[in-house]
Amino acid sequence: MSEKNDFYNKNPQIWEMTERVKKLLLEQYHHPAVFIKTYGCQQNVSDGEKIKGLLASMGYEFADSPENADLVLFNTCAIRENAEVRVFGNVGALKPIKSRRKGMLIALCGCMMQQEIVVEKIKKSYPYVDIVFGTNALQQLPEMLLRRLSGEKRQFDLDGRDGSIIEDLPLCREEGIKANLPIMYGCDNFCSYCIVPYVRGRERSRKLEKILEESRQLVDTGYKEITLLGQNVNSYGKGLDGSVDFSCLLEEMNRLDGDFRIRFMTSHPKDCTEKLIQTIARCEKVYPHFHLPVQSGSNRILKQMNRHYTIEKYLSLIDLARKWIPDVTFSSDIIVGFPGEIRQDFEDTLSLIRQVRYHTLFTFIYSPRPGTKAAEMEDPVPAEEKSAWFQELLDVQSQIRGEIQEAMIGQTVRVLADGKGKSGEGWLSGRTPANDIVEFIGTQEQIGNFVDVKIDRALNWALFGHTA
Ligand code: SAH
Ligand code: SF4
Ligand code: F3S
């Protein structure tokens, strides 16, 4: 990992700093090790892989706990208040560890660090944090570490940049079967509840050639599933020269040689078109699955959320997808208790999920994010009532999911075996195109391959079967 790749060739000053950090680390530590914890979505996981790549180039090994680390790095998420509370709690817990472990450094990065109010709090109340940097400052890490290790005061690098895309950063990917591949960064949609556009900046797309080049490398090194990432992949290509869009990207990806499959997240309903649906129907390497977050089943609430679609439009997309892709499956995100939501709105959400019958729902209780529009709105519904609605939603979905899983019994599905199962010796685990877990008896050699599994039994969390 410490070889000088294209990124370092193009940025000789960063390579020089990387080499200097490496030297300092060897002087100051026995076996310099870093513990990294990533919170939040796949976008953060993907950034975490770049941060690991940079740190490995500087000579860090990876530790399995803060107690064994010389550098602890938290890559944070700001999407809901409880995400932030957890990070602050975990940073607090590092204080005694740091006081016991000579020379230990603490670094914080990710979406939380894009908020002034958070950074102020760290400056004031967490004096033992050494390095803080934002989502556009990954490439500054060697310089910040160099300064801090050389005895300079603690380092803050907060987003003064335009967020232009930095290509070719060294990468340490998570695993050898599935890979995340960001196709765009940021978000322009400003849904009224959401902090992402504030912490991730404006939407910008990676060049098609870069995405294809990286995909080719992944397939050549044996990856079997690539997940294309963006806050709204359906608007991929906006702002790029030429006329590429997401359909065009999928077609090009589908044309790559090799036995692999393609997922994508997230698809915003307002930009989902029949053309895209037809493309997915045609591309055999693209899984027939949509993560198409609806957020609410009430038009009144959707308007307040600034989502730019109605339930009628949303349902027409579901119908179109079912018409063109007979085996299509859906998953979605739902927010319960948006400001001003009343029982009737919530019931509209329940009837929507009964109508669509999602394989999987990711459900959240609304959490006000300072600086967003919705945080200013009147929110009279008490927390207990929201919790009761939330539980009701979980119960309805659990029943729907149970029925969907039950209906799979007797069917044969192609799964990508991704590791050992939880059901004991000899069991493997895999995922269906809908991303449902399947456990089956198999052999070690099947891990990393596509296997046809006949389903015998279904529970809510997983399907069980045998090799067909
Ligand atoms: N770009 C994606 C979503 C990214 S955030 C999209 O548009 O669908 C993932 C999910 O977190 C959102 O879909 C939403 O359901 C939830 N979420 C975002 N902000 C939230 C908030 N303030 N409170 C509760 N849930 C929120
Ligand atoms: Fe947030 Fe909306 Fe952007 Fe998704 S599309 S990241 S919910 S603002
Ligand atoms: Fe969280 Fe940032 Fe993702 S706020 S959900 S990690 S884009």
Side-chain angles (χ1 to χ4, degrees), residues 37-48 51 74-87 108-115 118 134-136 159 163 180 182-204 228-236 238 264-272 290-297 301-302 304-309 314 330-339 341 349 353 358 360-377 379 383 386-387 389-390 393:
K37 182 160 174 62
T38 289
Y39 302 78
C41 67
Q42 297 306 312
Q43 183 65 70
N44 252 20
V45 173
S46 169
D47 285 355
I51 294 168
F74 289 164
N75 184 15
T76 64
C77 168
I79 198 82
R80 282 169 290 275
E81 193 185 0
N82 56 11
E84 298 201 347
V85 170
R86 209 166 48 232
V87 167
L108 303 178
C109 63
C111 295
M112 270 173 81
M113 303 307 133
Q114 295 288 119
Q115 303 173 98
V118 169
T135 52
N136 292 326
D159 198 11
N180 289 320
I183 61 168
M184 59 209 295
Y185 299 93
C187 182
D188 283 350
N189 293 308
F190 290 93
C191 302
S192 63
Y193 49 82
C194 185
I195 195 77
V196 172
Y198 302 91
V199 296
R200 286 276 171 183
R202 295 292 58 73
E203 182 181 295
R204 55 241 184 247
L228 305 176
L229 295 178
Q231 296 299 346
N232 175 12
V233 292
N234 297 346
S235 68
Y236 171 77
K238 218 170 70 184
F264 54 94
M265 295 208 298
T266 294
S267 211
H268 194 310
K270 83 177 165 67
D271 297 311
C272 184
F290 281 89
H291 181 58
L292 196 65
V294 68
Q295 311 297 356
S296 166
I301 296 296
L302 286 174
Q304 299 279 309
M305 286 178 162
N306 197 32
R307 288 290 287 180
H308 294 284
Y309 53 83
Y314 184 89
F330 301 96
S331 59
S332 187
D333 296 347
I334 302 268
I335 297 177
V336 172
F338 183 82
E341 179 170 327
T349 298
I353 70 161
Y358 297 101
T360 309
L361 270 191
F362 301 90
T363 48
F364 310 100
I365 295 188
Y366 168 73
S367 167
R369 308 286 52 226
T372 60
K373 274 246 170 67
E376 313 286 306
M377 297 177 187
D379 193 6
K386 292 186 182 186
S387 296
W389 292 353
F390 185 72
L393 176 67

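One-based numbering along the sequence shown. Note that the structure is predicted; figures quoted are calculated from it, not measured. Each ligand, and each atom within it, is numbered from 1 in the order the structure gives.
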Next item on the list: Report yes or no: does a heavy atom of Gln231 sit under 4.0 Å from some atom of ligand 3?
Entry: yes
Next item on the list: Identify, by atom number and element, the atoms of ligand 3 in contact range of Arg200, meaning under 4.0 Å from any of its heavy atoms.
Entry: 7 (S)
Item checked: For atom 1 (Fe) of ligand 3, every protein N/O/S atom that sits closer than 2.8 Å, waters excluded -> Cys77 SG
Notebook entry, point to check: Is a donor on one side and an acceptor on the other found under 3.5 Å between the side chain of Thr372 and the backbone of Ile195?
Noted result: no
Check: Is it true that the side chains of Asp47 and Asn75 contain a donor and an acceptor less than 3.5 Å apart?
Finding: no
Checklist line | Residues Gln304 and Glu341: side-chain donor-acceptor under 3.5 angstrom | finding: no
Notebook entry, point to check: Cut-off 3.5 Å, side chains only: do Asn234 and Ser267 have a donor facing an acceptor?
Noted result: yes
Next item on the list: Please lay out, stage by stage, how Leu361 and Asp333 fare under the test side chain to side chain contact (heavy atoms under 4.5 Å, CB included).
Entry: CA-CA 6 Å; Leu361 270 191; Asp333 296 347; over 6 Å; no
Item checked: Check: Cys187 main-chain N/O paired with Arg202 side-chain donor or acceptor under 3.5 Å -> yes
Next item on the list: Report yes or no: is the cationic atom of Arg80 (NZ for Lys, CZ for Arg) under 6.0 Å from the centre of the six-membered ring of Phe364, at an angle within 45° of the ring normal?
Entry: yes
Check: Does Tyr309 use its side chain to pair, donor to acceptor, with the backbone of His268 at less than 3.5 Å?
Finding: no
Next item on the list: Calculate, to the nearest 0.5 Å, the distance between atoms CD and CD belonging to Gln42 and Gln231 respectively.
Entry: 11.0 Å
Item checked: Aromatic plane relationship, Phe290 with Phe330 - under 30° parallel, 30 to 60° tilted, over 60° perpendicular -> parallel
Checklist line | Phe390: partners by ring-ring contact (aromatic ring centres under 6.0 Å, His included), with sequence neighbours left out | finding: none
Note to self: Tell me whether Arg369 contacts the main-chain N or O of Ala375 through its side chain, where contact means a donor paired with an acceptor under 3.5 Å.
What the structure shows: no
Note to self: Please report the interatomic distance CZ(Phe362) to OG(Ser331), rounded to the nearest 0.5 Å.
What the structure shows: 5.5 Å
Next item on the list: Using a strict cut-off of under 4.0 Å between a residue heavy atom and any atom of ligand 2, list the qualifying protein residues by chain and number.
Entry: Cys187, Asn189, Phe190, Cys191, Tyr193, Cys194, Val196, Pro197, Gln231, His268, Arg307
Notebook entry, point to check: Taking any residue with a non-hydrogen atom under 4.0 angstrom from an atom of ligand 1, which ones do you get?
Noted result: Ile79, Arg80, Tyr193, Gln231, Thr266, Pro293, Gln295, Arg307, Asp333, Ile335, Phe364, Ile365, Tyr366, Ser367, Arg369
Check: Taking it one step at a time, do Cys77 and Met112 satisfy side chain to side chain contact (heavy atoms under 4.5 Å, CB included)?
Finding: CA-CA 6 Å; Cys77 168; Met112 270 173 81; over 6 Å; no
